Amino acid sequence: MCIIVTCLVSFTVVSAQQNLSTDTVKLRHLPDVEVVTQSRVSVTRQATPLQLLDSKNIKRLGIQDLSEAVRRFSGVTVKDYGGIGGLKTVSIRSLGAHHTAVSYDGVSISDAQSGQVDISRFTLDNVDMVSLTMGQSDDIFQTARIYASAGALNIKTRKPRFADDKSYLLSVKIKGGSFGLVEPVLSYSQKLGNRWSASVYADYMRADGKYPYTLVNGTVKTREKRINSDIETVRLEGNLYGDFGSKGGILETKFYTFHSERGLPGAVNFYNKTAMERLWNDNSFIQTRYKNQLTEKFAVQAVAKYAYAYSRYKDVNDKYAAGFQEDRNTQYEYYGSAGILYLPFHSLSASLTTDYAHTQLDNNFINAAQPRRNTSLTAFAVRYKRSSLTATASLLGTYISDEVENGDRPADRKRLSPAISLSWQPFRDNALRVRVSYKDIFRVPTFTDLYYLRMGNTDLKPEKAKQYNAGLTWSGEIGEVIRYLSLSVDGYYNKVEDKIVALPTLYIWRMMNMGEVEIKGTDVNLSMEIPLSGKVNMMLSGNYTYQYAIDITNPDAKNYKHQIPYTPRHTGNGSVAFETPWVNVSYLLTAVGERYALPQNIKENRVDGYTEQSISLNRTFDFKSVSLRLQGEIINLADTQYDVIQYYPMPGRSWRLSIALNL
């Protein structure tokens with residue numbers, strides 16, 4: 001969104017001459033001046049917690065990977081199975097990755113099979129902004145599917161912005177680093193007349209992933225090297241942007257395809273170093289989004305999407321009768337959304353959005369269910385917004401029906417999910433704001449939960465979550481010392497009922513509704529900008545999260561009121577960046593407390609805490625219409641060995657270099 005400010009300046013000269021009996025007034029009209037800049041979303045004015053990193057701050061910090069950016073947010077757990085090619089999923093406030101929606105340019109990415117989105121599929125090279133919302137966003141004009149989650153990770157890609165004398169933009173980048181990392185990147189945008197433009201983005205990445213680690217077996221320590229951790233990916237994205245004028249609306253069409261082949265190194269075992277598991281993924285989608293401000297009071301938008309996902313898993317092992325196991329899964333989704341926004345008054349708005357999705361899963365299992373799912377979502381929301389008060393309320397209606405070719409199918413699911421939020425500025429001359437919010441949401445069992453071989457259970461109920469949040473926010477400047485300061489403190493309480501877990505029965509494990517989790521926590525976020533001199537600026541940011549997430553399912557169980565797996569009590573990160581005329585320097589620190597790999601909090605299940613440090617240097621050289629950016633990084637500066645997932649060691653110290661040329 002651009003704010004166009006037009007300043008008309010008139011200069012008046014009054015000349016009084018002694019020889020003349022009348023005054024002469026001359027008017028000189030200076031040409032109009034148009035200032036175009038991108039508006040900044042105020043995170044402190046939101047009624048629900050919002051965190052974001054725009055492209056400017058991403059470059060300041062030298063971040064080059066999406067998962068590294070997401071780790072900068074408080075209340076977030078990124079599960080990382082190790083290495084450059086490790087799968088990465090996002091959980092907010094201990095609710096689990098199933099409750100986190102991931103949207104790409106306003107349209108959700110879905111996975112009906114597992115319910116989790118691997119964010120390693122996406123890159124930061126063509127991203128304009130990454131934001132994370134916890135609870136229901138203040139933006140009520142969204143697809144209904146965004147309403148159907150506990151929180152959302154939103155990825156907004158970069159749109160081409162052409163200078164007056166240019167009709168194209170070209171960017172070439174090459175990245176290289178430790179463990180055989182090589183990644184060339186190409187981005188090209190073309191202006192198609194006054195109202196249309198197109199862009200193409202492509203990258204290729206490969207790495208052998210053979211990083212060293214220390215294997216501890218009692219008192220014996222040996223230096224080993226990670227094997228079967230290689231990865232090769234190809235990513236291609238095309239965009240078409242159209243503007244039909246003030247009454248015609250705007251149209252955005254995106255095509256995306258991603259192919260990867262990677263080794264799965266598996267858990268580190270003391271006496272077994274064999275790893276023969278391989279995973280192939282193909283993900284493609286095409287989506288179109290249309291939006292039109294019909295009048296001052298009415299706006300409409302529509303979304304259409306087709307998505308295809310194929311995965312092939314192969315494990316060569318003597319434990320299989322054929323000597324190997326191979327699973328093939330193919331997902332198809334047809335998705336559409338239509339919504340209307342009505343503004344009866346300047347401060348009041350209401351929206352109504354309806355989504356429909358048809359999803360199917362085919363695989364090579366004998367007597368597989370081959371499920372088909374029809375999902376209908378309708379969201380009605382109202383927002384009242386003044387300078388000192390923002391209040392939002394919404395109600396989501398969900399209807400889901402499954403069909404199967406073999407076996408039993410679950411009953412149809414119907415549910416209403418309310419949400420409400422409030423942000424209030426109690427003092428007119430003070431930027432302090434108070435915010436409170438509540439959201440009741442659920443997640444339906446995935447195809448894997450319901451139908452996977454003998455583990456699936458078609459009697460599963462949806463997993464329900466209640467979210468409460470209360471916080472204080474403040475932003476502004478403090479004299480001439482601190483140019484910008486933003487501070488937020490939020491306390492929250494979440495409760496999850498009918499949690500879906502795998503439990504052993506007489507002969508096999510089965511998916512069951514047996515879990516109940518209580519989560520209490522605090523998020524603190526701070527960022528500031530301090531000018532040290534006319535040419536040197538310092539940016540500081542940091543956050544801290546405390547989470548007390550306990551299992552309260554069974555008072556007689558050994559893990560009653562124990563911290564749930566992979567949820568540290570304490571996490572935090574901080575960064576400091578210096579902008580100078582010579583070189584820009586940034587330092588990042590991440591600290592994670594101890595966690596437990598299994599529900600029972602005993603020594604054998606403990607995963608030690610860790611701290612990780614990184615440093616980045618970058619410099620941009622401008623030559624008329626050409627800019628050259630050089631960047632170098634050292635990741636895990638202290639060569640700390642740690643696990644995010646138990647027995648999946650992360651890389652130690654590594655380096656990364658990149659050269660980018662923009663024309």
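It should be emphasised that the depicted structure is a prediction, and the values quoted were computed from it without experimental measurement. Just the heavy atoms: all of them, side chains too, but no hydrogens, waters or symmetry mates, feed the values below.
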side-chain hydrogen bond (donor to acceptor under 3.5 Å, both in side chains): pairs with one or both residues in residues 600-612, sequence neighbours excluded: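 Qualifying pairs: Glu612-Tyr642.
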
With ring centroids as reference points, do Tyr256 and Phe122 lie under 6.0 angstrom apart?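 Yes: the rings meet the under 6.0 Å criterion.
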
May I ask you to decide if the ring planes of Phe447 and Tyr451 are parallel, tilted or perpendicular, using 30° and 60° as cut-offs?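 Phe447 and Tyr451: tilted rings.
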
So, taking the atom named CG in Asp551 and the one named NE2 in His562, what distance separates them when rounded to the nearest 0.5 Å?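 Separation between the atoms: 9.5 Å.
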
What's the separation between atom OG1 in Thr233 and atom CG in Asn281, rounded to the nearest 0.5 Å?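 Here the interatomic distance stands at 11.0 Å.
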
Considering only NZ, NE, NH1 and NH2 on the basic side and carboxylate oxygens on the acidic side, decide whether Glu326 and Arg312 come within less than 4.0 Å.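 Salt bridge: yes.
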
Ion pair present between Glu403 and Arg372, side-chain N to carboxylate O less than 4.0 angstrom?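 Here Glu403 does not pair with Arg372 in a salt bridge, since their nearest N and O are not under 4.0 Å apart.
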
Partner of His99 by side chain to side chain contact (heavy atoms under 4.5 Å, CB included), out of Arg93, Arg443, Gln116: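 Running side chain to side chain contact (heavy atoms under 4.5 Å, CB included) over Arg93, Arg443, Gln116 with His99 returns exactly one hit, Arg443.
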
Of Met511, Gln113, Met455, the residue whose pairing with Thr448 passes side chain to side chain contact (heavy atoms under 4.5 Å, CB included):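 Going through Met511, Gln113, Met455 one by one, the side chain to side chain contact (heavy atoms under 4.5 Å, CB included) with Thr448 is satisfied by Gln113 alone.
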
Hey, does the Lys NZ or Arg CZ of Lys305 hover above the aromatic six-ring of Phe285, less than 6.0 Å from the centre and inside 45° of the axis?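 That pair qualifies as a cation-pi contact.
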
Which residues pass the side-chain contact (heavy atoms from CB on, under 4.5 Å) test with Asn543, sequence neighbours left out?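 Listed in chain order: Ser74, Asn525, Asn573.
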
How about Arg158 and Tyr201: does a side-chain donor come under 3.5 Å of a side-chain acceptor?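 There is no such pair between these side chains.
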
Of all residues at least two apart in sequence or in a different chain, which pass the salt bridge (Lys or Arg N to Asp or Glu O under 4.0 Å) check with Asp282?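 Counting only residues at least two positions away or on another chain, Asp282 forms no salt bridge (Lys or Arg N to Asp or Glu O under 4.0 Å).
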
